[in-house]
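Remarks on the structure that follows.
Counting convention: from 1, in listed order, for ligands and their atoms alike. Note that this is a predicted model, so its numbers are computed, not measured.
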Amino acid sequence: MALLPILNYPDPRLHTVAKPVTEFNADLKRLVQDMRDTMYDAPGIGLAATQVDRHVQVIVIDTSKEQNDLLVLINPKILTQSGTQTYEEGCLSVPGIYETVTRAEKITVEAKNASGELFTLNAEGLLSVCIQHEMDHLKGKVFVEYLSPLKRNRIKTKMAKHAREIARNSY
Ligand code: QAP
Ligand code: CO
């Protein structure tokens, strides 16, 4: 088991656009396993490769309470979407911050699993929100970018203060 360091907002590397996966090999399987371990350890319900500074289109999600229902999405594409819903979102890259975001209610997603097999998935509610949130990461977008500039700047200031405190504590 390996835990990967998670980038914290406003790290500029969080704005990197991820490339599609082309080789479904052992390296990819290791990345997926390490991302799963990192997400479960946090604990979180979703993690995109961008957040661990790997700029490929890989997402792990598990919205179950028991952490026994892992969903791996590689090169995901939204085929259809409908409706809107608002949800209080958080992010492992923006610890301690929870804000309301409006997104599509229902989505149909096409993706590959770690073996390279294509599948489609219908999602609504929390799972739908989580998939959209993680797909944004792959495009270099963090959920705080949906907030007003005022709120976003307050969060940036708070995160910078938090980072200074961590630096001081480990000194
Ligand atoms: C994205 O987020 C998400 O602030 C996944 O201190 C979140 O796993 C999609 C976390 C909500 C939809 C709804 C956040 C852990 C985990 C924190 C997460 C924290 C510790 C966030
Ligand atoms: Co996130």
Determine, using the 4.5 Å side-chain heavy-atom cutoff (strictly less than), whether Val144 and Met159 are members of one ILVMFWY cluster.
yes

Tyr146 six-ring face occupied by Lys141 cation (under 6.0 Å, within 45°):
yes

Side chains of Thr120 and Glu110 only: does a donor on one sit below 3.5 Å from an acceptor on the other?
no

Electrostatic pair Glu145:Arg152 at N-O distance under 4.0 angstrom:
no

Quick one: pull up NE2 in His162 and CD1 in Ile166 and give me the separation to the nearest 0.5 Å.
3.5 Å

Listing by chain and number, what protein N/O/S atoms are under 2.8 Å from the Co ion (ligand 2)?
Cys91 SG, His133 NE2, His137 NE2

Distance dump, ligand 1 polar atoms to protein, N/O, under 3.5 Å:
residue, atom, partner, partner atom, Å
ligand 1, 4 (O), Gly96, N, 2.8
ligand 1, 4 (O), Tyr98, OH, 3.0
ligand 1, 6 (O), Gly96, N, 3.4
ligand 1, 8 (O), Ile45, N, 2.8

Determine, for Arg36 against Asp41, whether the closest basic-nitrogen to carboxylate-oxygen distance falls under 4.0 angstrom.
no

Ignoring hydrogens and geometry, is there a side-chain-to-backbone donor-acceptor pair from Asp62 to Asp69 under 3.5 Å?
yes

Donor-acceptor contact below 3.5 Å, side chain Gln57 vs main chain Ala18:
yes

Regarding Ser93 and Gln51, do their side chains bring together a donor and an acceptor under 3.5 Å, going by distance alone?
yes

